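Heads up: the structure comes next, in structure tokens.
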Amino acid sequence: MRKFGFVILMLVARIASAQKIDLKALDKIGINASSKTEMNMDGAALKSAANTLSEKNGDEAIAKKTVENLTGFYMRAYEFDKKGSFNIEDLKPILDQLKEPDWKPIIRVQEKGELTEIWIHSTKGEPDGMVLIAAEEDEVVVMNGVGVTNLSDLTALGKMNALK
Amino acid sequence: MTKAEFESVVREHQGLVYSIACNFFHNEALAEEVAQEVFLQLYEGHRSVATGSHCVAWLRRSTIHRCIDTVRRASFRQEVHMDLLPEIPVDAPETDPLLQEGLRRLIASLPEKPRAVMVLRFGEDMDAEEIGRTLQMPVRTVWSHLQRATAMLREKATRYLKEKEDEPIRARSS
Amino acid sequence: MNQFERDLRESLRRREPPADFAAKVLARTRDTEVRSVFSWRWLAVAALVALMVSGTLFIQKQQQQVENERSKEQLMVALRITGSKMKDVQDRLNAIQQRMVRLQGIQ
């Protein structure tokens, strides 16, 4: 049986054209957040930040590899003190943008008030962008990556936060 | 203090400093980085402390405050998702590795102050007065954090087990 | 102390850092010494040049370095958050797959 985890790790978004979605709708959600992380980095800013990353440091080396061919990295991450501070419906303006025919979902999971979706944008059959949406009762994370990225490297950065 | 003496201090107390950071972050790489910075701080500005009897107290205090500052500066918390926790029976036999791993993850998900209290109480065997002095916190606040954090951890562990039994997971695929 | 508290204590027991930890600390103390001497010397030179040529240029460079460090830190935080979510997805899918395998086995 095909392993879903294997699918994620082996999927690589290739270069074609930039596919950026508008995250402004999330500003409304972020007003009530107790903790905010907002990132808007176009190609030049990414390159500048990547130049400061060390190739010898484990975490930074992987991060450098993850972003080296990205032309845009945009993220909103909000945490809330109280559950129910936002509604899943508030994500509709984001999800509506993903209804365009070039966006295809590869993961869509909803359980107990939690929503997790990963979408890939393709141009002429070639993947060239991704969106990650992870929403729980007290947290929202939306990430839009434009350009080339290796999802296994990105996942590895998440594993760096867990004890071996 | 000579370089050799400083090295001796590092070797003697590296376990203490590293353990506090490791238990706080549940992240070996970050713990090692913070532990190194604590000793550098000792080297650069406080070498007189290293030769005194209050070296251990200074190291504990510096380490825990640096851990708290690191979390606040990064402005994100490591969320622990209940679905990721392994089965954690509260009445498991001693030295159950799955139980310990689950508890470590839960502790690392606490807000920084209660987390610091738990790490110092159960990791360093400090009493409430010592913890209060280290964190510059009233003793009653230390007790409050301890009681609430312990009760919450115990509740989370047992609730997780109950939820796994009662509520099947629904998953939709596109 | 009850069993749960003993479990907490066991989970937070003392652990040793990597074997080369002390060596790394000592290496950084040497770097600190070299840097502090070096940087003071060059800061003095740079300050003199800046005074002679333009004080603004020196300040701009320092600000750029601070800005670069801040950007790097922000990027690492954002990538870690994203990576953490990707890992959650992976773990969740593995768990779903295992449940489906078990259900198929039952059927």
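Below, chain A is the first sequence line, B the second, and so on; all start at residue 1. A quick note: this is a predicted structure, and the numbers were derived from the prediction, not measured. The basis for the numbers below is simple: all heavy atoms, side chains too, and nothing from hydrogens, waters or symmetry mates.
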*Side-chain donor-acceptor pair under 3.5 Å between A/Y74 and A/E38, yes or no?*
no
_Between A/N32 and A/S85: side-chain donor-acceptor atoms closer than 3.5 Å_ = no
_Partner residues of A/K64 under the salt bridge (charged side-chain N to carboxylate O under 4.0 Å, His left out) criterion, sequence neighbours left out_ = none
_Under the rule for salt bridge (charged side-chain N to carboxylate O under 4.0 Å, His left out), what residues qualify as partners of A/K28, not counting sequence neighbours?_
A/D90
*Measuring heavy-atom distances to chain C, does A/T116 have an atom under 4.5 Å in its side chain, in its backbone, in both, or in neither?*
side chain
*Would you mind checking which part of A/A63 comes under 4.5 Å of any heavy atom in chain C, side chain (CB onward), backbone (N, CA, C, O), both or neither?*
both
*Go through the atoms of A/E60 and report whether side chain, backbone, both or neither lie under 4.5 Å from a heavy atom of chain C.*
both
